Amino acid sequence: MKILLVEDNLPDAVLLRELLRSDWREPPELVHAIDMSDALRCVQREAFDVALLDLSLPDAFGDETFRRLNRQAPNLPIIALTGLDDETLATELAQAGAQDYLVKGHLDAGILHRAIRYAIERKRAEEKLRLAATVFESTLEAILITDANGAIISVNRAFCDITGYSESDVLGRNPNLLQSGRHRRGFFRKMRDALGRKGQWQGETWHRRKSGEIFPTWMNVSAVGYANGEVSHYVGVFTDITDLKHSEERLDYLAHHDTLTGLPNRLLFHERLREAALHARQNNRIIALMFLDLDRFKIVNDTLGHTVGDELLAAVAERLRNSVRASDTVARLGGDEFAVVVSDMTDGSDIAHRAQKIIDTLSSAFSVGGNEVFVTTSIGITLFPNDNGEWSKMVENADVAMYHAKQQGRNNYQFYTAEMNACAYDQLMLETSLRHALERDEFVLYYQPQIDMPSGDIVGVEALIRWNHPELGLVPPNDFIPLLEVTGLIVPVGEWVIRTACRQVRTWLDEGHPPLTMAVNLSARQFREQNLKSNIAAILAETNIPANLLELEITESIVMENVQETVEILRQFKDMGLKVAIDDFGTGASSLSYLKSFPVDTLKISHDFVLNLPADNDDAAIAKAVITLARNMSLGSVAEGVETSEQMDFLRLQQCERMQGYLFSKALPPEQMAALLEERRRAAAT
Ligand SMILES: Nc1nc2c(ncn2[C@@H]2O[C@@H]3COP(=O)(O)O[C@H]4[C@@H](O)[C@H](n5cnc6c(=O)[nH]c(N)nc65)O[C@@H]4COP(=O)(O)O[C@H]3[C@H]2O)c(=O)[nH]1
């Protein structure tokens, strides 16, 4: 230990030196200064553990003596020495920072040693406190201290800066005034549990500033306890991590996206594909993966430069993004390779159509860097779960398929399996020619007579479409109606059917035949088409035929799809004066309670039930039930597919009102139907 003794009185100095040397295990090193100037020089030159300072020196007196030395050496513990026992001075000095006040006449070695030890200890403690206070105030982390009950007793400046609350706003209040309301239930319970168990909790929290703004923080809460383990305080320290979050989000975005096109990159693509496959498996859905490679990209890049190449890639990305549904993922896998994940499909029938759409979308010119550039694309397609049990195989399969597409002469798509390729090809061919069928006038309507029972008169006809394909010949409707539905072509074709059928009615009326009901089939899409009613109204006006001669046939399954909407549409038909028949009645699952609310006129018994009449008991029971039901509800009944006189007899016995089938006539082309009507007229006349 090194002590500075500042004493001008030599006998006092000798005495003090004696006292200091006695009883110490290791005698302290003593430096003696005889006045203030000497003392100031000493503290400037070297460091001391403590100073004993006489307050009456030749060049300084009283508290001024202390202040001067303290100013020069603020870290030095100073014990004042004086001959006076002056309480006022002692208090003044203690307030100014002196560690102790000793009266020279009353000193012994023990008192002196104790005073020195305490002075040094106290000074150290004071220093620590001062340091802690400085850290508390100057740190950039917000600090709040609560008592054991959670009432805030202190906050630092950073807390006020970050939260916008002043100290007086929060003193005595609970920290939950910072709560953002953004945490799930249980969050704060977990925090309390951790504090109870470990005395500490840290994690990300959302707080609310005084302004109401919510912000993220990284927070550390510690319980401060007494020796007996009881909690005395809680200390919360948090930093505002808004900026960090932004950079984190930015980094996350960069890690998952391609900077050039803004599309998901390979990493995110894999995540999305995995998610889509998982969802598909759980919900019995199908997903498709398309791999795309631009066919002539390298040439563009090499001849027009990388800047134009980059621009082209960005433009391709944009077109791709616009050609898929928002729920699908378009990703750039690198270079000129892109991928499309088509998710959530009930079947894969439409995927070839989508691939073709992408090819068409990319085939028009791109305007990049002042140039008109054309690119084509080769697409490889694979389906999950069809092609292979594992979704992880999809990338490999799509790659194989894409390679195959390249080999096939580029600008085309190929499925992973050969069967799908063949099927897609046929479908595409059919679809392409279907698109032209209407404008090329290849559709014709055939008419199948409906016979009234028991009179045997023709009271109506059902219009049945045929496609007169230049190479395939007469194509039956079941082969192309589904395709018309998928492509949306059913809407214009359906309109053509209604118009042609109504014109036919007009012609027959004009030719003097008795009015016949014209039954026309409506497909699901047509039935829910917004413009259907206005189109029908326009056609009726145009052909000038009464609405009740037009009977719209809708299958039972269509009717049951959206019952509420169905009732609404049927009511509108009714208001227009149209007739409505439920086709294939008994094959769907319509309940009687629904049937009552449907404003319909006729129930048609499906030929499936007529086929085995009267031998098949089940079919007989169904046919009988439908006819009885129709009669009880004052609806008409029509049996379809009547081929034999046994079938006819059975149905007639059940009082079926109308019949239709090969027994009477097949569906006939217009001229043959006209001839049949003419024949009937002549027969009636004779
Ligand atoms: N085995 C047998 N069959 C008979 C007999 N009598 C008639 N048929 C056939 O049974 C089908 C009756 O039409 P559908 O049940 O409405 O079933 C129709 C209808 O759902 C649909 N369809 C036909 N034309 C159109 C149309 O213009 N628009 C819409 N949306 N669908 C149509 O195509 C389906 C099939 O039509 P088609 O091939 O013309 O077949 C017709 C008809 O030719 C018979 O005695 N025995």
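Both ligands and their constituent atoms are indexed starting at 1 by order of listing. Given the structure is predicted, the values throughout are model-derived calculations rather than measurements.
When only non-hydrogen protein atoms are considered, atom 12 (C) of ligand 1 lies nearest to Glu640 OE2, 3.8 Å. With respect to atom 41 (C) of ligand 1, the closest heavy atom belonging to the protein is Leu464 CD1, 3.8 Å. Ile465 N, 3.1 Å is the protein heavy atom nearest to atom 24 (N) of ligand 1. Closest to atom 45 (O) of ligand 1, if we only count protein heavy atoms, is Tyr662 N, 2.9 Å.
The atoms of ligand 1 that sit less than 4.0 Å from any heavy atom of Asp583 are 14 (P), 15 (O), 16 (O). Close approach to His607 involves these atoms of ligand 1, each under 4.0 Å from a residue heavy atom: 10 (O), 11 (C).
Contact check on Arg681 versus Glu678 returns a salt bridge, with a Lys/Arg side-chain nitrogen under 4.0 Å from an Asp/Glu carboxylate oxygen. Between Glu485 and Arg525 there is no salt bridge, since no side-chain N of the basic residue sits under 4.0 Å from a carboxylate O of the acidic one. Between Asp344 and Arg325 there is no salt bridge, since no side-chain nitrogen of the basic residue lies less than 4.0 Å from a carboxylate oxygen of the acidic one. Between Arg631 and Glu657, no side-chain nitrogen of the basic residue sits less than 4.0 Å from a carboxylate oxygen of the acidic one, so the salt-bridge criterion is not met.
A heavy-atom separation below 4.0 Å is not found between Gln660 and ligand 1.
Phe443 and Trp496 have tilted rings, their planes meeting at an angle from 30° to 60° on a 0 to 90° scale.
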